[in-house]
Amino acid sequence: VTNDPRPATRNPQPATFESHLRTILGDAHVITDPDLKASYETDWTRRFSGSARAVVRPADAKQVAAVVRACAAEGIPIVPQGGNTGLVGGSIPRGGEVVLSLARLGAAEPVDTMAAQITIEAGVTVASLQNLARDAGLMYGVDLASRDSATVGGTIATNAGGLRVLRYGATRAQVIGIQAVLPNGEIIERMSGLTKDNTGYDLAGLLTGSEGTLGIVTRARLKLWNPPVARATALVALDSLSEAISLLGRVRGLASLDAIEAFFNDGMQLVCDHTGAPRPFPGVSGCYLVIECAAQSDPAEELASLLDGSPEVKAAAFATERPQREALWRYREAHTEAIGAAGVPHKLDVTLPLARMVEFEATVRAAVESATPGARAILFGHLGDGNLHVNVLGPADDDERADDAVLRLVASLGGSISAEHGIGVAKAPWLHLTRSPADIAAMRAIKAALDPQGIMNPGVIFGAQ
Ligand code: FAD
Ligand code: 2HG
Ligand code: ZN
């Protein structure tokens with residue numbers, strides 16, 4: 001038959017490729033039904049979405065490697081996905097990729113209490129990891145409001161920061177070793193748990209923060225910490241960010257300082273409206289801080305007396321018991337969901353030198369409004385790390401004028417365009433603002449060496465080729 005019109009003979013690749021995936025994973029774990037794919041195709045903010053060729057759900061590293069080899073053989077791009085809580089559009093397809101979900105890699109070995117380490121698979125959520133550590137009398141150093149969905153693999157891939165970076169460091173500081181599948185389907189493994197191991201390049205460190213562009217993290221060996229015996233939390237009202245930075249200078253002197261988080265009146269109002277929580281203090285203040293101290297002996301006294309003696313403090317609420325502390329934290333932690341309920345935000349996660357932060361805060365709202373009339377910027381973040389989250393509400397999903405204005409302002413003040421969320425696709429056009437041509441060329445050379453076909457999360461970090 002020379003003129004057979006059947007589509008299968010014109011383009012045999014899709015059926016062959018998908019049936020290969022089904023052979024590797026079983027029918028139930030290769031999803032092509034549009035309704036079932038949908039939740040994997042839109043990001044947490046709802047700003048980014050794309051259509052996947054298929055969503056696959058391997059059960060272990062060997063299956064991940066087999067899928068990667070199948071994709072590499074056909075040159076089909078892959079988007080690794082953990083909890084899909086990333087905020088820079090890097091976890092969802094741009095169009096036609098295979099989304100590789102790590103959700104089924106959910107195992108953990110018993111906690112190694114002698115070494116204070118855990119070996120755990122990529123799909124385990126941060127909250128589950130925290131619980132496993134707690135049950136063993138230890139704690140995990142990274143905590144973030146997305147803990148119930150964000151995964152071990154996703155937090156490693158983004159080098160997630162969170163609420164306790166100033167005490168325990170970001171995710172990279174917790175990673176002792178990883179197992180990962182490279183873009184050619186080879187598995188690398190550095191899981192011995194040795195805390196000192198200078199044997200060539202630190203591939204675990206390189207994959208941490210690589211946003212799924214260099215390989216797929218399947219398992220990790222993570223550091224755990226001795227937990228504090230007692231915690232004390234304060235919600236503090238101040239006149240301005242400048243007063244908050246002055247207070248930061250004092251609070252930093254406390255060895256027990258665990259977290260110091262900032263937000264402003266507009267965010268406080270959104271959170272109260274969204275959660276139904278009462279305004280914690282009468283009237284309106286220019287700036288609010290959540291300050292937490294934690295130690296082997298009760299830190300309440302030293303935190304309370306420091307706040308008592310600080311002229312910056314206009315009002316303070318104080319808690320030592322868990323439910324009351326969590327109620328104070330809620331004013332800070334609920335920002336992301338409250339803003340999400342008000343609209344689809346453009347999320348700009350930036351760091352400033354502390355000395356330029358007041359200037360930034362004083363100018364950024366006007367910069368946003370003049371770039372996109374009607375847009376508004378809500379600021380909050382990790383004051384102790386110089387990290388502010390600028391959430392812009394108002395612009396259309398693809399209107400990037402406000403993003404451009406904010407990121408240029410950040411660069412002009414000596415800051416970084418990404419503190420903890422990564423570059424993803426959202427910030428790729430601005431990478432050059434805070435990375436030099438030589439720096440970008442070195443990063444591209446690493447990418448090309450490990451992923452010569454460019455199949456691993458294309459578009460992320462470097463933008464469309
Ligand atoms: P995903 O969103 O699924 O993926 C994120 C990126 O990692 C993508 O590029 C993806 O391709 C890649 N990836 C995922 N898994 C793997 C893997 N196994 N191997 C290789 N690549 C992979 N972030 C912070 O840093 N600090 C915060 O305080 C914080 N708070 C948040 C609060 C809320 C309410 C929300 C919604 C998000 C918050 N985030 C925060 C952002 C987000 O939770 C983190 O970026 C987190 O690390 C993403 O983990 P995930 O498992 O959801 O990864
Ligand atoms: C946080 O610090 C997260 O709460 C999310 O990093 C920030 O929603 C955001 O912009
Ligand atoms: Zn944050």
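When reading the values below, keep in mind they use all heavy atoms of this one structure, side chains included, and skip hydrogens, waters and symmetry mates. Since the model is a prediction, treat every value here as computed from it, not as a measurement. Just so you know, ligand 1 is whichever comes first in the structure, and atom 1 is the first atom listed for that ligand.
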Inset, instruction - Answer yes when Asp60 and Lys62 have at least one side-chain N-carboxylate O distance shorter than 4.0 Å, and no when they do not. - result: no
Legend entry - Geometric cation-pi criterion Arg365 and Phe264, 6.0 Å radius, 45° cone: yes
Legend entry - Residues Thr119 and Arg221: side-chain donor-acceptor under 3.5 angstrom: yes
Legend entry - Parallel, tilted or perpendicular, as decided by the 30° and 60° cut-offs, for the rings of Tyr288 and Phe263: parallel
Legend entry - Best match, Ala334, Gly215, Ala145, Gly340: closest heavy atom to atom 20 (C) of ligand 1: Gly215
Legend entry - Protein heavy-atom partner closest to atom 48 (C) of ligand 1 - residue, atom, separation in Å: Thr85 OG1, 3.3 Å
Legend entry - No-hydrogen, no-angle side-chain donor-acceptor test under 3.5 Å, Ser128 and Thr125: yes
Legend entry - Polar atom proximity, Asp143 to ligand 1 (N or O, under 3.5 Å): no
Inset, instruction - Inspect the contact between Asp404 and Arg408 and indicate whether a charged nitrogen and a carboxylate oxygen are less than 4.0 angstrom apart. - result: yes
Inset, instruction - Please confirm whether Ala157 comes within less than 3.5 Å of ligand 1 when only nitrogen or oxygen atoms on both sides are compared. - result: no
Legend entry - Region of Thr155 engaging ligand 1 - heavy atom pairs below 4.0 Å: both
Legend entry - Nearest protein heavy atom with distance in Å, relative to atom 11 (O) of ligand 1: Pro80 O, 2.6 Å
Inset, instruction - Quick one: do Arg279 and Tyr331 satisfy side chain to side chain donor-acceptor pair (under 3.5 Å)? Show the steps, please. - result: CA-CA 9 Å; Arg279 298 269 319 187; Tyr331 290 104; over 6 Å; no
Inset, instruction - Using a strict cut-off of less than 4.0 Å between a Lys/Arg side-chain nitrogen and an Asp/Glu carboxylate oxygen, indicate whether Arg47 and Asp403 qualify as a salt bridge. - result: yes
Inset, instruction - Mark yes or no for whether His346, through its side chain, and Ala396, through its backbone, hold a donor-acceptor pair below 3.5 Å. - result: yes
Legend entry - Pair Glu420, His382: side-chain N/O donor-acceptor within cut-off below 3.5 Å: yes
Inset, instruction - Looking only at distances, please establish whether an N/O atom of ligand 1 is found under 3.5 Å from an N/O atom of Thr158. - result: yes
Legend entry - Partner residues of Gln324 under the side chain to side chain donor-acceptor pair (under 3.5 Å) criterion, sequence neighbours left out: none
Inset, instruction - List the closest protein heavy-atom neighbour of atom 25 (O) of ligand 1: residue, atom name, distance to the nearest 0.1 Å. - result: Gly161 N, 2.9 Å
Inset, instruction - Can you pull out the closest protein heavy atom to atom 4 (O) of ligand 1? Residue, atom name and distance to 0.1 Å, please. - result: Ser91 CB, 3.5 Å
Inset, instruction - State plainly whether the residues Arg330 and Glu326 are in salt-bridge range, i.e. N to O under 4.0 Å. - result: no
Inset, instruction - Ignoring hydrogens and angles, state whether a donor on the side chain of Asn265 or Gln269 is under 3.5 Å from an acceptor on the partner side chain. - result: no
Inset, instruction - Looking only at protein heavy atoms, identify the closest one to atom 51 (O) of ligand 1 and say how far it is in Å. - result: Thr151 OG1, 2.6 Å
Inset, instruction - Please check if any side-chain donor atom of Tyr140 sits under 3.5 Å from a side-chain acceptor atom of Arg147, or the reverse. - result: no
Legend entry - Which segment of Asn457 sits under 4.0 Å of ligand 1 when only heavy atoms are counted: side chain
Inset, instruction - Work out whether the distance between some heavy atom of Ser210 and some atom of ligand 1 is less than 4.0 Å. - result: no
Legend entry - Polar atom proximity, Gly162 to ligand 1 (N or O, under 3.5 Å): yes
Inset, instruction - Confirm or rule out an N/O/S atom of Glu420, from backbone or side chain, lying less than 2.8 Å from the Zn ion (ligand 3). - result: yes
Inset, instruction - Please find out if the Zn ion (ligand 3) and some N, O or S atom of His382 are separated by less than 2.8 Å. - result: yes
Legend entry - Charged N-O contact under 4.0 Å between Arg325 and Glu292: yes
Inset, instruction - List the closest protein heavy-atom neighbour of atom 18 (N) of ligand 1: residue, atom name, distance to the nearest 0.1 Å. - result: Val217 O, 2.9 Å
Inset, instruction - Tell me which protein heavy atom sits closest to atom 23 (N) of ligand 1, plus the residue, atom name and distance to 0.1 Å. - result: His421 CD2, 3.4 Å
Legend entry - Any N or O of Leu163 closer than 3.5 Å to N or O of ligand 1: no
Legend entry - Exercise: do Asn457 and Arg94 side chains pair donor with acceptor under 3.5 Å: yes
Inset, instruction - Ignoring angles and geometry beyond distance, decide whether Gly86 reaches within less than 3.5 Å of ligand 1 through its nitrogen or oxygen atoms. - result: yes
Legend entry - Subset of ligand 1 atoms that lie under 4.0 Å from at least one heavy atom of Ile216: 19 (N), 20 (C)
Inset, instruction - Please confirm whether Val460 comes within less than 3.5 Å of ligand 1 when only nitrogen or oxygen atoms on both sides are compared. - result: no
Inset, instruction - Heavy-atom distances under 4.0 Å are what count here, so tell me which part of Leu87 touches ligand 1: side chain, backbone, both or neither. - result: side chain
Legend entry - ligand 1 atoms in contact with Ala160 (distance to a heavy atom under 4.0 Å): 25 (O), 47 (O)
Legend entry - Part of Glu337 within contact of ligand 1 (heavy atoms, under 4.0 Å): neither
Tabulate distances under 3.5 Å between N/O atoms of ligand 2 and N/O atoms of the protein, writing both atom names on each line.
from: ligand 2; atom 1: 2 (O); to: Arg332; atom 2: NH2; distance (Å): 2.6
from: ligand 2; atom 1: 2 (O); to: His382; atom 2: NE2; distance (Å): 2.9
from: ligand 2; atom 1: 2 (O); to: His389; atom 2: NE2; distance (Å): 3.0
from: ligand 2; atom 1: 4 (O); to: Arg332; atom 2: NH1; distance (Å): 3.1
from: ligand 2; atom 1: 4 (O); to: Arg332; atom 2: NH2; distance (Å): 3.3
from: ligand 2; atom 1: 6 (O); to: His389; atom 2: NE2; distance (Å): 3.0
from: ligand 2; atom 1: 6 (O); to: Glu420; atom 2: OE2; distance (Å): 2.9
from: ligand 2; atom 1: 6 (O); to: His421; atom 2: NE2; distance (Å): 2.7
from: ligand 2; atom 1: 8 (O); to: Thr336; atom 2: OG1; distance (Å): 2.7
from: ligand 2; atom 1: 8 (O); to: Lys347; atom 2: NZ; distance (Å): 2.6
from: ligand 2; atom 1: 10 (O); to: Lys347; atom 2: NZ; distance (Å): 3.3
from: ligand 2; atom 1: 10 (O); to: Asn391; atom 2: ND2; distance (Å): 2.9

Inset, instruction - For the pair Glu211 (side chain) and Ser91 (backbone), establish whether a donor and an acceptor sit closer than 3.5 Å, ignoring hydrogens and angles. - result: no
Legend entry - Residue from Leu328, Ile291, Ile260 passing side-chain contact (heavy atoms from CB on, under 4.5 Å) with Val236: Ile291
Inset, instruction - Name the closest protein heavy atom to atom 29 (C) of ligand 1, giving the residue it belongs to and the distance to 0.1 Å. - result: Leu144 CD1, 3.7 Å
Inset, instruction - State whether the shortest distance between N or O atoms of Ser149 and N or O atoms of ligand 1 falls below 3.5 angstrom. - result: no
Inset, instruction - For ligand 1, find out whether one of its N or O atoms is nearer than 3.5 Å to an N or O atom of Ser146. - result: yes
Legend entry - Residue pair Asn84 / Asp43, side-chain donor-acceptor N/O under 3.5 Å: no
Legend entry - Short N or O distance, Leu102 and ligand 1, threshold 3.5 Å exclusive: no
